Trainee: 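Got a structure here, written out as structure tokens. Questions coming.
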Amino acid sequence: MPRKLLVTSALPYANGAIHLGHLVEYIQTDIWVRFQRMQGHEVLYVCADDTHGTPIMLRAQAEGITPEALIERVYGEHTRDFFGGESAAAGGKLGGFMVSFDNYHTTNSPENRAFCEDIYRRLKERGLIDIRSVEQFFDPVKAMFLPDRYIKGECPKCGAKDQYGDSCEACGSTYAPTDLKHPYSAVSGAAPVRKASEHHFFRLSDPRCEQFLRAWTQGGQHVQPEAGNKLKEWLGAPGENKLADWDISRDPPYFGFAIPDTGGSKFFYVWLDAPVGYFGSFRNYCERTGKSQAEIDAYLRPGGDTELVHFIGKDILYFHALFWPAMLEHAGYRTPSKVYAHGFLTVNGEKMSKSRGTFITAQSYLELGLNPEWLRYYYAAKLGSTMEDIDLSLDDFVARVNSDLVGKYVNIASRAAGFISRQFDGELAYAGDTVSLVEGARATAAAVRDLYDAREFGKAMRLVMETADRINQEYDRHQPWLLAKDPQRRGELQDCCARALYGFKLLSVLLAPVLPRTAQNVARSLFGMERDFAWDDALALPERIQPYRHLMTRIDAKQVSALIEANKESLQPVLPASPARHGEQQQHAEKPATAAHITIEDFAKLDLRVARIADAEHVEGADKLLKLTLDVGALGTRTVFAGIKAAYDPATLKDRLTVMVANLAPRKMKFGISEGMILAASDDSGGPFLLAVDDGAKPGMKAK
RNA sequence: GGUGAUGUAGCUCAACCGGUUAGAGCGCCACACUCAUAAUGUGGAGGUUGAGGGUUCGAGUCCCUCCAUCACUACCA
């Protein structure tokens, strides 16, 4: 019985170009989708641009255009990269990277708005929406609330200037925007002020949500085992109530959908309407193709026999495995059947980097004339069913594609077709037993089918290439180039070439989900079919061929070098990149390498002082911390929390002299502000041991 | 600091519930072949499975410690 599958890839954010990191997901999903279609299942593969939120709004302002104009332009770029643009959509989705969406929509659509409003209203009816006051940074010049990423200032830890409100690129520490020293708005440069506003929350902490999610995420039905473990961590132990309510509203100005009944004073947070965009795109497709309401409901209401399958990056598991199913469940919609998370892409073993030129855009890859099927194959060869990261090793990419695809696979057709065309006018004929030949193919196809279905593409590719090796070996064994010289042995020649070409057909069917364009060429141009391959074509012996035309060229390593060169850039984005977002895999900033040595100037930045421990006390509820009051002479007294409880009794510390870092940025900790740091030594064998100061030193003296 | 993942030949990866001399492809060396847009075949070299302990008749596989990388996280400051 055919399955009915509604499949999605995460929505790419409409403020940037598609790059090779994104493509892991779209290629992975597309291979799976094409495979399922070949099995005869009904598949709807939908996606959309994720178009709302502050980054889009500000970017449009910076460019002096409306947000609508911006997202329309980006829509054109994204669809071009994915499948050659809207104009190519009707032609079989073999442009761009050949991602075969049935529908590619936008979240800024009436369909999406209707779903968002409906879901919100239903959640509200069920008492799962709370309204609470929240205090946030506000830009008085632009008259807008600022997301964390738009507040910059000095890192509270290392003092680096111009750091974002959530983490420091210099030292890698994370903190709240309120921790920043000298904060300023990245939008206007003004000093932000604290301001309260009412926010709408989805009550994820409600027992109904927790209970549902505990059941939904465990048991291995919906997510991979590793993802299940991660989710378990986030859910905490039963009763622990680790899930925090989710803030789903934003204040204007905001590019997005107004929340119903707020008179336009509140907007849905982009992360609410993004996943809902899957449904919006689906509905748009249904309306476009004249589907009935009953058919639509079969996909959206609980209890149907359809499957909803999401492919995502592991960075957005939280949204897709917690917020999203909980929202759907309590709003009366069906919940996802599967959420499949993949890992990040690294290039040459490292994070993609603009300075190294490994932050490669889809557009540059295509414009430089690299074949998208090369990348599709390489990703397929590397992908498995887990959340593990995959590495694009560029040397390996060249070697692997050339050897597997050209040397092994395409070469089979190239070497056997010539004899058939020249000596037999394209006629294939088989001598002797063909039953075991077809049975062998059947077994291979079945094994590959199971691997595709389980998303074990790497294993599938290995099996396909083993098969290609065997076909080459078998062909060699008959030495057709010798048979061709002996008129008595024409039958043998024709047979071994026919068998090789049947093998080639088998391989082409098995590779069709990965290499759709080549497979189409093989089916139509070589085997003269009037349609594309179906899975069962793997079992049908071909009877004749058209003259062979070369199917795929090798990668020249120079093309890859040119690609790297083309992507090396020093241009900084006009505005800060948005944080992890729908389909926005790995936009993490690179951390600069730490220098092995520091200069004397670096050292001079440290203000080390002799401190007298004026008071030391236990902290209620703290396992490791002691609260110290330090006398630092002329600098006055400082409160410092030190993690030395295990080694020191407060009573013994009083009046001891030790060394502190006096100019360390104050750090808000659970039990108060710590205004410095005392020095202590420790390693595996023991510690911590406080540093002592020889007699004669006075509190406040500088250590250098 | 904690939790989890990863660490296997030069490169990319395999190895079911622990079970014979740890496999494959690429690369490399030699040979063969010439049908194929230098593709193919045969053979070979190459690994103390990150390090060190332990359990076992037997460990890449299980346990402990450590190291490295990555992710998440925190009451290191």
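Keep in mind that this is a model prediction, so the values were computed, not measured. Note on naming: letters A, B, ... go to the chains in the order of the sequence lines (proteins, then strands), and numbering restarts at 1 for each one.
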Trainee: Is the Lys NZ or Arg CZ of K351(A) less than 6.0 Å from the centre of F344(A)'s six-membered ring, within 45° of the axis?
Mentor: no
Trainee: Look through every strand shown and name the nucleotide pairing with rC75(B) as Watson-Crick or G-U wobble, where both distances are under 3.5 Å.
Mentor: none
Trainee: Answer yes or no: does a side-chain N or O of K408(A) lie under 4.0 Å from OP1 or OP2 of rU40(B)?
Mentor: no
Trainee: Can you measure N402(A) atom CG to rC11(B) atom P for me and round it to whole angstrom units?
Mentor: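 The distance from CG of N402(A) to P of rC11(B) comes to 20 Å, rounded to the nearest Å.
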Trainee: Grab the CG-P distance between L383(A) and rC13(B) for me, whole Å please.
Mentor: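 In whole Å, rC13(B) P and L383(A) CG are 11 Å from each other.
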Trainee: Does the side chain of K232(A) get closer than 4.0 angstrom to OP1 or OP2 of rC72(B) through an N or O atom?
Mentor: no
Trainee: Answer whether the closest heavy-atom distance between the side chains of E25(A) and Y379(A) falls below 4.5 Å.
Mentor: no
Trainee: Could you tell me how far rA36(B) sits from rG41(B) if I compare only their C1' atoms? Round to whole Å.
Mentor: 13 Å
Trainee: Verify whether one side chain among T637(A) and D631(A) offers a donor that lies under 3.5 Å from an acceptor in the other.
Mentor: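 No, no side-chain donor-acceptor contact under 3.5 Å.
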Trainee: Round to a whole Å and report the spacing from CZ of R470(A) to C1' of rA24(B).
Mentor: 13 Å
Trainee: Is it true that R415(A) and N472(A) share a donor-acceptor pair across their side chains at a distance under 3.5 Å?
Mentor: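 Short answer, yes.
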Trainee: Taking atom C1' of rC13(B) as reference, at what distance in whole Å does atom CG of D404(A) sit?
Mentor: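 Answer to the nearest Å: 12 Å.
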Trainee: Counting C-beta onward and ignoring hydrogens, is there a side-chain heavy-atom pair between Y365(A) and L563(A) closer than 4.5 Å?
Mentor: yes
Trainee: Just compare rC35(B), rU34(B), rU37(B) and give me whichever is closest to any side-chain atom of L482(A).
Mentor: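 For the L482(A) side chain, the nearest candidate turns out to be rU34(B).
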Trainee: Side-chain N or O of R554(A) less than 4.0 angstrom from OP1 or OP2 on rA39(B)?
Mentor: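 Answer is yes, contact under 4.0 Å.
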Trainee: Among rC35(B), rU12(B), rU34(B), which nucleotide has an atom closest to any side-chain atom of R422(A)?
Mentor: rC35(B)
Trainee: Determine which nucleotide pairs with rU6(B), using a 3.5 Å limit on both distances of a Watson-Crick or G-U wobble pair.
Mentor: rA68(B)
Trainee: Base, sugar-phosphate, or nothing for G418(A), non-hydrogen atoms under 4.0 angstrom?
Mentor: nothing
Trainee: Return the pairing partner of rC17(B) with a 3.5 Å limit on both distances, Watson-Crick or G-U wobble; otherwise return none.
Mentor: none
Trainee: In whole Å, what separates the C1' atom of rC66(B) from that of rC28(B)?
Mentor: 35 Å
Trainee: Determine the contact category for Y548(A): base if any of its heavy atoms lies under 4.0 Å from a base atom, sugar-phosphate if only primed atoms, P, OP1 or OP2 are that close, otherwise nothing.
Mentor: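 Here Y548(A) touches no strand at all.
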Trainee: Please report, rounded to the nearest Å, how far the C1' atom of rA36(B) is from the CZ atom of F504(A).
Mentor: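 It is 12 Å, rounded to the nearest whole Å.
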Trainee: Is rA51(B) syn or anti, taking syn as a glycosidic angle within 90° of 0?
Mentor: anti
Trainee: Just checking A642(A): base, sugar-phosphate only, or nothing, at a heavy-atom cut-off of under 4.0 Å?
Mentor: sugar-phosphate
Trainee: Counting only side-chain heavy atoms from C-beta out, which of rC72(B), rC26(B), rU37(B) sits nearest to A399(A)?
Mentor: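 Minimum distance to the A399(A) side chain belongs to rC26(B).
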Trainee: Does Y502(A) reach the side chain of L437(A), with side-chain heavy atoms less than 4.5 Å apart?
Mentor: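 Counting from C-beta outward, Y502(A) and L437(A) do come under 4.5 Å.
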Trainee: Between M677(A) and S393(A), just flag the one whose closest nucleotide in RNA chain B comes earlier from the 5' side.
Mentor: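 Its nearest nucleotide being more 5', the pick is S393(A).
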Trainee: Once you round it to whole Å, what is the distance between P of rA71(B) and CD1 of I390(A)?
Mentor: 16 Å
Trainee: Side-chain contact, heavy-atom cut-off 4.5 Å: L626(A) with F641(A)?
Mentor: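 SC-SC contact between L626(A) and F641(A) ruled out.
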Trainee: What do the steps show when you test L493(A) against C497(A) for side chain to side chain contact (heavy atoms under 4.5 Å, CB included), and what is the final call?
Mentor: CA-CA 6 Å; L493(A) 175 63; C497(A) 290; 4.0 Å; yes
Trainee: When rounded to the nearest Å, what value does the distance between P atoms of rU40(B) and rU3(B) take?
Mentor: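 Comparing P positions in rU40(B) and rU3(B) gives a spacing of 49 Å.
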Trainee: Sticking with atom P, work out how far rG23(B) lies from rA9(B), rounded to a whole angstrom.
Mentor: 14 Å
Trainee: With rounding to the closest Å, how many angstrom separate the C1' atoms on rG50(B) and rA5(B)?
Mentor: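 Nearest-Å result for rG50(B) against rA5(B) at atom C1': 15 Å.
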Trainee: Go through rG25(B), rC13(B), rC26(B) for me and flag the one nearest to the D391(A) side chain.
Mentor: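 The answer is rC13(B).
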Trainee: Report which part of the nucleic acid R477(A) touches: base, sugar-phosphate, or nothing (heavy-atom distance under 4.0 Å, all strands).
Mentor: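 Nothing, no nucleic acid heavy atom in range.
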Trainee: Say we look at rA22(B) and rU48(B): how far apart would their C1' atoms be, to the nearest angstrom?
Mentor: 12 Å
Trainee: Between rU55(B) and rU12(B), how far apart are the two P atoms, rounded to whole Å?
Mentor: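 Each nucleotide's P atom is 36 Å from the other's.
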Trainee: Between Y340(A) and R455(A), is there a cation-pi geometry (under 6.0 Å to ring centre, at most 45° from the normal)?
Mentor: yes
Trainee: Kindly point out which of rC35(B), rU6(B), rU40(B) is positioned nearest to the side chain of D476(A)?
Mentor: rU40(B)
Trainee: Output the rounded distance in Å from CE (M465(A)) to P (rU12(B)).
Mentor: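 So the CE-P distance, M465(A) to rU12(B), works out to 19 Å.
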Trainee: The side chain of R415(A) lies closest to which of these nucleotides: rC13(B), rC11(B), rA36(B)?
Mentor: rA36(B)
Trainee: Taking the minimum atom-to-atom distance to the side chain of D469(A), which one of rG41(B), rC35(B), rU12(B) wins?
Mentor: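 Nearest to the side-chain atoms of D469(A), counting from C-beta on, is rG41(B).
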Trainee: If you only use heavy atoms from C-beta on, which nucleotide in rC26(B), rC35(B), rC72(B) is closest to the side chain of S403(A)?
Mentor: rC26(B)
Trainee: With both distances under 3.5 Å as the test, what is the Watson-Crick or G-U wobble partner of rC28(B)?
Mentor: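 WC or wobble partner is rG44(B).
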Trainee: Between rC13(B), rC72(B), rU34(B), which one does the side chain of W481(A) approach most closely?
Mentor: rU34(B)
Trainee: Among the candidates rC13(B), rC72(B), rG41(B), find the nucleotide nearest to the side-chain atoms of N472(A).
Mentor: rG41(B)
Trainee: Which value, in whole Å, describes the distance between the C1' atoms of nucleotides rA14(B) and rU6(B)?
Mentor: 16 Å
Trainee: Taking for each residue the nucleotide of RNA chain B bearing the nearest heavy atom, is the 5' side occupied by K459(A) or by A416(A)?
Mentor: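 Mapping each residue to its closest nucleotide by heavy atoms, the 5'-most match is K459(A).
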Trainee: Between C1' on rA24(B) and CD on Q473(A), what's the gap in Å once rounded to a whole number?
Mentor: 12 Å
Trainee: Strictly by Watson-Crick or wobble contacts shorter than 3.5 Å, is anything paired with rA38(B), and which nucleotide is it?
Mentor: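 rA38(B) is paired with nothing.
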Trainee: For rG60(B), which nucleotide in any strand shown is its Watson-Crick or wobble partner with both distances under 3.5 Å?
Mentor: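 Pairing partner: none.
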